[in-house]
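One-based numbering, in listed order, for ligands and for the atoms of each.
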Amino acid sequence: MRITLSCIKADVGAIGGHIKPSVRLTETVEQFVKEKAKKLLLSYRISTAGDDVAILMAHERGIDDREIHQLAWDAFLEGTRVAKEQGLYGAGQDLLKDSFSGNVKGLGPGSCEMEFEERPNEPFLLFAADKTNPGAFNLPLYLAFADPMYCAGFLLSPKMAKGFTFTIMDVNHTEGDRVIELNAPEELYDIACLLRDNERFVIESIRSRGTGEIGAVVSTSRLHNIAGTYTGKDDPVALVRTQGAFPATGEVLSPYRIGHYVAGTMRGSHNGPLMPVKQNGAISFFDGPPIVTGAALCVHGGKFTEAVDVFDHPFWDWVRNNVAQKAAEIRMQGFSGPAMLPFAELEYGGVVEKMGQLDRRFVVREEKGAERHARAGAATRTKRAIQA
Ligand code: F6R
Ligand code: MG
Ligand code: MG
């Protein structure tokens with residue numbers, strides 16, 4: 001059976017700041033999806049990560065289907081209605097456009113979708129992150145799908161011997177989708193060269209080179225680029241098929257033990273370590289740390305099993321303690337250097353305006369005649385030396 005998995009998520013309002021949606025909001029979204037599911041879906045599941053609501057759907061309509069995207073958009077409008085009624089903070093925050101135009105891409109919500117022929121048993125993972133951006137998945141997916149230090153399958157499984165093709169998007173290019181396909185393992189250094197820059201180059205999808213099958217997809221939208229100004233971080237979602245020709249579930253999870261530093265946390269303007277947390281939880285320290293939740297499911301005939309919360313295990317308590325320490329360490333240096341994002345990535349208008357005002361107050365000191373002559377002479381000599 002050929003099915004499509006679609007995950008569409010948005011922040012449409014939260015209790016007590018950008019913390020967590022209300023139960024009524026989440027239930028309203030769920031009720032709406034349940035009603036529409038009768039006609040359109042084989043299965044669905046609603047979950048939350050920080051202040052975001054994620055709608056996971058299985059259906060037979062393919063990716064970029066208008067009705068599926070409309071369903072999610074309308075569900076988030078319903079959620080926004082409740083958020084306004086309850087006076088939740090940031091009601092409708094991620095619905096950046098007034099009307100739906102066929103696809104949620106470019107309208108605010110994040111989405112990732114994959115279409116495939118269902119295996120007799122089809123395990124997969126849904127990751128939902130909050131207070132960070134899509135590049136947060138670059139490192140964990142690279143390590144799981146390209147690095148034998150994290151994925152033992154490259155040594156032990158003939159099914160994975162041919163490696164994977166990475167499709168990477170330049171998310172700074174706003175006029176259209178600018179993408180490149182690179183093959184692991186031959187082009188590992190090129191892949192690393194791009195994935196180093198989490199703000200600009202983002203893994204969009206990964207395919208098996210052995211079977212040609214889709215293995216992973218990530219939402220790639222950047223709210224900053226859509227709105228042209230700060231509107232919250234992009235809080236990405238990712239779907240990853242596991243086992244068989246793909247890395248095992250535990251191999252896909254293993255890189256989350258690092259708690260690597262990603263952009264996001266307070267006001268979307270800082271670096272903080274990505275903390276793997278249980279599902280449906282809240283945001284706390286310094287509007288962070290950036291979090292990632294993980295749900296493992298099987299889908300059969302388009303029907304989901306119940307989800308297993310993959311980060312709800314004693315091992316991850318130990319990881320969380322370490323990651324908390326990393327968060328505290330970087331926070332100790334406040335605004336200084338790598339604790340905050342570079343200027344080009346700062347999303348709050350305030351700092352941009354402030355820099356503009358300060359720029360006008362800078363002066364270039366008048367130099368005395370002799371000094372100016374000496375400097376001009378030195379510059380000319382350097383130029384001649386270079387030309388020679
Ligand atoms: C980051 C985030 C929060 C807010 C912060 C200020 O993605 O959502 O850190 O940026 O709480 O929020 P406002 O500007 O809405 O008061
Ligand atoms: Mg928010
Ligand atoms: Mg969010």
Side-chain angles (χ1 to χ4, degrees), residues 7-22 25-26 29 46-55 72 76 79-80 82-84 86-96 104 107-112 126-137 198-199 218-238 261-277 279-294 327 330-331 334-335 339-341 345-354:
C7 183
I8 305 184
K9 73 96 221 147
D11 168 4
V12 291
I15 300 172
H18 297 270
I19 302 295
K20 186 182 162 127
S22 68
L25 188 162
T26 313
V29 170
I46 312 295
S47 57
T48 67
D51 59 10
D52 302 318
V53 182
I55 307 173
F76 290 132
T80 301
V82 170
K84 285 184 177 156
Q86 291 191 299
L88 299 190
Y89 193 67
Q93 181 190 277
D94 281 357
L95 306 186
L96 300 181
V104 295
L107 304 185
S111 72
C112 65
L126 165 66
F127 292 106
D130 189 32
K131 301 295 183 267
T132 185
N133 59 18
F137 287 119
N198 288 339
E199 311 312 312
V218 183
S219 61
T220 51
S221 63
R222 291 217 56 192
L223 296 173
H224 180 244
N225 295 342
I226 299 168
T229 176
Y230 179 79
T231 38
K233 271 284 170 201
D234 309 285
D235 304 341
V237 279
Y261 288 108
V262 294
T265 182
M266 179 56 70
R267 297 178 188 270
S269 304
H270 295 79
N271 282 311
L274 187 66
M275 182 182 274
V277 297
Q279 290 178 84
N280 308 316
I283 291 297
S284 183
F285 173 66
F286 202 61
D287 281 4
I291 59 158
V292 58
T293 63
I330 197 161
R331 281 310 325 132
F335 59 78
M340 273 191 100
L341 297 189
E345 285 296 327
L346 288 182
E347 303 195 356
Y348 266 75
V351 76
V352 179
E353 281 159 30
K354 192 185 287 294

Contacting atoms of ligand 1, where contact means under 4.0 angstrom from a heavy atom of Asp287: 3 (C), 4 (C), 5 (C), 9 (O), 11 (O)
Atoms in ligand 1 with a heavy atom of Lys131 nearer than 4.0 Å: 1 (C), 2 (C), 7 (O), 8 (O)
Distance from [X] atom [atom1] to [Y] atom [atom2], nearest 0.5 Å?
X: Gln279; Y: Leu126; atom1: CD; atom2: CG; answer: 7.5 Å
X: Ile291; Y: Asp235; atom1: CD1; atom2: CG; answer: 8.5 Å
X: Asn280; Y: Thr48; atom1: CG; atom2: OG1; answer: 4.0 Å

Mode of Asp51 contact toward ligand 1 - side chain, backbone, both, neither (heavy atoms, under 4.0 Å): neither
Residue that, paired with Val262, satisfies side-chain contact (heavy atoms from CB on, under 4.5 Å) out of Asn133, Val292, Thr132, Asn271: Thr132
Which atom of Asp51 approaches the Mg ion (ligand 2) most closely (N/O/S): OD2
Shortest-distance N/O/S atom, His18 versus the Mg ion (ligand 2): ND1
Asp11 backbone or side-chain N/O/S under 2.8 Å from the Mg ion (ligand 3): no
Short N/O/S contact of Asp52 with the Mg ion (ligand 3) (below 2.8 Å): yes
Min side-chain heavy-atom separation Ile15-Gln86 under 4.5 Å: no
Heteroatom distance test (His18, ligand 1): nitrogen or oxygen, under 3.5 angstrom: yes
Phe76: partners by ring pair (Phe, Tyr, Trp, His ring centres under 6.0 Å), with sequence neighbours left out: none
